[in-house]
K.L.:
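Just dropping this structure here.
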2 protein chains.
Amino acid sequence: MGVTGHMPPQDASRGRSASIWDVARVAGVSQQTVSRVINGKARVSEATRAKVLQVIAELGYRPNRLAQTLAGGPVRSVTVLTSDTALYGAAATLRGMEEAARTAGFSVGISVLQPDSQQTDIALRLNRPGEPVMVIAYDDAGVRALRALPPDVPVAAAVERRADEGDAADGGPWQVWLDDRAAAAHATRYLLGLGHRTVHYVAIPSSTSPSPQRTQGWRDALRAADRPVPEPSHGGWTPRSGYLAVRSLLADRSVTAILCGNDDLALGVMRAAREAGRDIPGDLSVVGFDDAPPSAYLNPSLTTVRLDFEGLGRACFGLLHRRLEPQTAPPVPAWSEPELIVRESSGPAPA
Amino acid sequence: MGVTGHMPPQDASRGRSASIWDVARVAGVSQQTVSRVINGKARVSEATRAKVLQVIAELGYRPNRLAQTLAGGPVRSVTVLTSDTALYGAAATLRGMEEAARTAGFSVGISVLQPDSQQTDIALRLNRPGEPVMVIAYDDAGVRALRALPPDVPVAAAVERRADEGDAADGGPWQVWLDDRAAAAHATRYLLGLGHRTVHYVAIPSSTSPSPQRTQGWRDALRAADRPVPEPSHGGWTPRSGYLAVRSLLADRSVTAILCGNDDLALGVMRAAREAGRDIPGDLSVVGFDDAPPSAYLNPSLTTVRLDFEGLGRACFGLLHRRLEPQTAPPVPAWSEPELIVRESSGPAPA
DNA sequence: GAGAGGCATGTTATCGGTAACTCTTCTCTC
DNA sequence: GAGAGAAGAGTTACCGATAACATGCCTCTC
């Protein structure tokens with residue numbers, strides 16, 4: 001009972017792994033029928049389907065995703081563009097994206113942006129023109145990459161701040177973000193409520209200069225309470241940069257509360273405070289941002305704003321999924337609002 | 001001056017992005033000639049090459065990597081299998097791999113293993129049968145994934161411990177690792193040299209039970225110095241697990257030195273010590289493993305063993321590259337040996 | 001001056017699939 | 001009993017590239 005139709009071009013049974021043709025030959029059906037079974041399409045008799053599935057199992061056949069995609073099958077891959085995976089926020093967002101994507105059956109590629117990367121090489125990172133992309137755009141490199149993407153690629157992004165309405169170049173509505181501004185304002189109000197005359201701020205580098213969200217929220221709260229607004233210190237992303245940014249500031253004993261752009265900066269600030277002989281929280285309150293895993297165990301443990309980066313990552317993929325398959329994709333999952341976690345590093349202003 | 005040969009099957013100039021056929025038509029050459037130019041092959045006149053390159057630039061043409069790979073072009077992608085990207089060691093290794101791979105022109109996919117993932121689904125994560133893979137196998141999930149890989153996939157792995165010679169199932173010689181055992185022994189000797197009677201150990205979960213490398217090194221050093229070997233405490237990967245693992249242990253004042261399987265555990269241990277009223281390093285010396293970025297800024301800053309995970313990741317890719325392209329791949333880059341970084345958390349044994 | 005050999009290109013086959021169209025059978029309806 | 005429809009499966013075209021082989025034209029050698 002041989003197959004009489006079109007035969008596979010290839011000799012078969014050579015070294016390479018089983019293809020759809022091998023399955024078809026062994027099962028005694030056409031290659032197209034195997035394709036139907038793989039994709040769960042209708043119009044295949046139960047008996048044939050069972051036979052094909054059995055042969056697939058016997059041969060250990062796995063469809064070649066590259067070929068599937070090339071041939072116009074449903075899009076099943078996505079590339080994530082991110083800058084520095086050493087940062088907690090970016091790493092946690094990436095985890096959320098990867099998990100959501102894998103759960104939905106997407107394979108995920110990752111490409112790390114260099115701070116100085118030119119926009120022209122972005123398209124080269126994609127496996128094919130039009131491959132869907134997610135961008136983690138918390139910093140300048142990410143934002144530039146987002147802008148540099150060719151218009152034909154479907155993209156969703158996790159951003160610091162929503163793009164201005166109508167600014168389609170930034171991805172339009174396909175963005176998710178956390179309300180950093182409100183969170184920073186909340187943390188600032190919390191410190192003022194403890195009796196601090198004002199709150200100093202050590203800023204992370206921003207993707208949206210000159211008005212980063214966290215800085216704005218901090219300033220909002222100070223102004224609303226009619227307090228003096230000190231010049232923000234400019235840190236980087238690391239403990240070291242926080243340490244350097246506040247060393248001179250700490251000589252001034254009137255500085256009693258410092259809000260930091262992230263937990264790493266807070267770590268450096270606390271070290272600088274220790275070296276300056278300041279007691280935390282007796283002399284000085286320090287509040288971070290992100291709630292990175294170590295923060296609860298620091299000495300003193302760090303009061304910080306918890307941000308749901310993983311949830312944001314999952315939502316970002318959810319958004320992309322709906323963009324790609326509006327009919328079938330599940331609703332975009334919700335993510336948590338920022339939340340102030342009060343620990344040991346903050347307390348009442350010194351008398 | 002039209003092309004007379006084989007015409008592209010497609011109508012062209014439709015929505016989709018430019019293909020090699022479009023370039024060929026506009027440049028007035030065959031599609032194969034364009035392919036030659038793209039791949040920098042010989043036998044193309046300078047004039048033709050220039051013309052083709054110009055058209056490529058005009059059309060914004062980018063080769064489709066999927067199609068290139070399918071058609072048997074050089075392998076230019078690799079998938080990384082890792083378990084938990086929240087862990088510093090895994091994340092840093094991944095960074096090194098990604099950087100090296102991208103530099104060599106490979107696109108990298110990432111797939112995160114779940115602790116309970118069955119081996120059967122591993123092959124499904126690959127984009128195609130035979131796609132090269134790197135595995136970060138510091139824990140059990142990673143090691144299982146490594147074992148579960150079909151024999152035909154080219155793999156290189158970063159492991160805790162070299163597979164036994166001859167155990168081809170573990171990837172044979174295509175592995176890189178750090179000498180954790182010697183490093184743990186070194187750290188232990190350092191503590192003994194400070195006058196501590198013995199050293200306690202809080203272990204990370206191991207991929208190679210019952211004899212994890214770090215535990216062995218610690219035990220080696222104690223035995224060589226003829227000291228008592230306490231039962232190691234079993235922690236997880238997180239600060240919390242370190243905290244829980246040593247709470248009871250700390251009631252015993254004769255415990256004056258604790259070596260931890262990683263820096264996160266050390267963080268939890270230091271917190272537990274603080275709550276138990278133990279002074280670090282006065283009453284108790286704590287030494288970590290990994291030298292994660294925050295460790296230098298902790299209070300007290302952490303004495304730890306610096307491990308070159310990024311270098312290891314780069315080397316792992318280098319190894320894979322040589323496996324794939326023995327003729328042309330550059331030599332595998334060297335990575336740094338573990339190094340003890342002495343900071344504030346360790347000191348002389350109490351009198 | 002003619003065959004040999006190289007160079008620059010064009011043609012055809014193939015990679016491993018999917019989509020659209022076609023071809024048989026049956027079953028159902030009037 | 002015949003035509004319509006639908007189910008089940010086969011054929012052919014195509015996705016976007018690379019590899020192997022074929023072809024035309026020139027230059028070189030004897």
Side-chain angles (χ1 to χ4, degrees), chain A residues 2-12 14-25 27-49 51-52 56 61-76 127-131, chain B residues 2-12 14-25 27-52 61-76 127-131:
Chain A
V3 187
T4 57
H6 189 37
M7 287 298 280
Q10 172 193 312
D11 196 1
R14 274 223 310 274
R16 32 167 57 89
S17 56
S19 84
I20 200 172
W21 287 103
D22 302 315
V23 176
R25 191 180 330 96
V29 300
S30 82
Q31 157 261 24
Q32 177 59 221
T33 298
V34 177
S35 173
R36 289 190 183 102
V37 172
I38 294 170
N39 295 291
K41 300 226 170 146
R43 310 243 166 148
V44 179
S45 73
E46 224 18 81
T48 305
R49 180 185 305 278
K51 174 64 177 169
V52 169
I56 285 178
Y61 165 76
R62 295 290 162 216
N64 181 324
R65 289 193 177 205
L66 267 53
Q68 285 182 312
T69 306
L70 220 209
V75 173
R76 241 46 201 171
N127 288 321
R128 59 199 161 81
E131 169 165 59
Chain B
V3 186
T4 58
H6 187 38
M7 288 299 279
Q10 171 195 314
D11 196 1
R14 274 223 311 272
R16 32 167 57 87
S17 57
S19 84
I20 199 172
W21 286 103
D22 302 316
V23 176
R25 190 180 329 98
V29 300
S30 83
Q31 156 262 26
Q32 177 60 222
T33 297
V34 177
S35 173
R36 289 191 182 101
V37 171
I38 293 170
N39 295 291
K41 301 224 170 149
R43 312 246 165 143
V44 178
S45 72
E46 222 22 79
T48 305
R49 179 184 307 277
K51 174 65 177 170
V52 169
Y61 164 76
R62 295 289 162 219
N64 181 323
R65 289 192 179 206
L66 267 51
Q68 285 182 313
T69 306
L70 221 209
V75 174
R76 240 48 198 168
N127 288 322
R128 59 197 161 82
E131 168 164 58

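Note on naming: letters A, B, ... go to the chains in the order of the sequence lines (proteins, then strands), and numbering restarts at 1 for each one. Just so it is clear, the values below take in all heavy atoms, side chains as well, and ignore hydrogens, waters and symmetry mates.
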K.L.:
Using whole Å, what does the distance between atom P of nucleotide D:dC15 and atom CZ of A:R76 come to?
P.N.:
23 Å
K.L.:
Would you mind classifying the nucleic acid contact of B:Q32 as base, sugar-phosphate or nothing, using non-hydrogen atoms under 4.0 angstrom?
P.N.:
base
K.L.:
Measure CG/A:N127 against P/D:dA17 and give the value in whole Å, please.
P.N.:
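Nearest whole value for this atom pair: 13 Å.
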K.L.:
What is the distance, rounded to the nearest whole Å, between atom CG of A:N64 and atom C1' of C:dG16?
P.N.:
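Computing the A:N64:CG to C:dG16:C1' distance gives 6 Å.
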K.L.:
Search all heavy atoms of B:R36 against all heavy atoms of B:R43 and return the closest pair with its distance.
P.N.:
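Smallest heavy-atom distance, with atoms named: CD-O, 4.4 Å.
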K.L.:
Determine: side-chain N/O of B:S45 to OP1/OP2 of C:dT9, distance under 4.0 Å, yes or no.
P.N.:
yes
K.L.:
Taking only N and O in the side chain of A:S35, is any of them less than 4.0 Å away from OP1 or OP2 of C:dT18?
P.N.:
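Checking A:S35 against C:dT18: at least one side-chain N or O falls below 4.0 Å of OP1 or OP2.
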K.L.:
Please classify the nucleic acid contact of A:T48 as base, sugar-phosphate, or nothing, using heavy-atom distances under 4.0 Å.
P.N.:
sugar-phosphate
K.L.:
Determine the sole option in A:T33, A:V34, A:V37 for which the side-chain contact (heavy atoms from CB on, under 4.5 Å) test with A:T48 is passed.
P.N.:
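Checked A:T33, A:V34, A:V37 against A:T48; only one passes side-chain contact (heavy atoms from CB on, under 4.5 Å): A:T33.
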K.L.:
Quick check on DNA chain C: between B:L70 and B:V44, whose nearest nucleotide comes earlier from the 5' end?
P.N.:
B:V44
K.L.:
What is the distance, rounded to the nearest whole Å, between atom CZ of A:R43 and atom C1' of C:dC26?
P.N.:
14 Å
K.L.:
Quick one: on DNA chain C, does B:P129 or B:T33 contact a more 5' nucleotide (nearest heavy atom)?
P.N.:
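Its nearest nucleotide being more 5', the pick is B:T33.
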K.L.:
For B:I38 and D:dA19, give me the distance from atom CD1 to atom P, rounded to whole Å.
P.N.:
12 Å
K.L.:
If I take atom OH in residue B:Y61 and atom C1' in nucleotide D:dC15, what distance separates them, rounded to the nearest angstrom?
P.N.:
13 Å
K.L.:
For the CG atom of B:N64 and the CD atom of A:E131, what is their distance to the nearest 0.5 Å?
P.N.:
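Reported value, rounded in 0.5 Å steps: 9.5 Å.
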K.L.:
Can you find a donor-acceptor N/O pair under 3.5 angstrom joining the side chain of B:Q31 to the base of D:dT18?
P.N.:
yes
K.L.:
Give the rounded distance in Å between these two atoms: CZ of A:R36 and P of D:dA7.
P.N.:
13 Å
K.L.:
Given atom CZ of A:R128 and atom P of C:dT18, what is their separation to the nearest angstrom?
P.N.:
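Going from CZ in A:R128 over to P in C:dT18 covers 14 Å.
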K.L.:
Where each residue is assigned the nucleotide of DNA chain D containing its nearest heavy atom, which of A:A71 and B:G72 is assigned the position nearer the 5′ end?
P.N.:
A:A71
K.L.:
Can you tell me if A:K41 touches the phosphate of C:dT18, counting only side-chain N or O atoms and a distance under 4.0 Å to OP1 or OP2?
P.N.:
no
K.L.:
Measuring from atom CZ of B:R76 to atom OG1 of B:T69, what distance do you get when rounded to the nearest 0.5 angstrom?
P.N.:
10.0 Å
K.L.:
According to a strict under-4.0 Å criterion, is A:N39 in side-chain N/O contact with OP1 or OP2 of C:dT18?
P.N.:
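Yes, A:N39 has a side-chain N/O under 4.0 Å of OP1/OP2 on C:dT18.
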K.L.:
Give the minimum heavy-atom separation between A:P129 and B:S17, together with the two atoms involved.
P.N.:
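Smallest interatomic distance, heavy atoms only, reads CB-OG, 3.0 Å.
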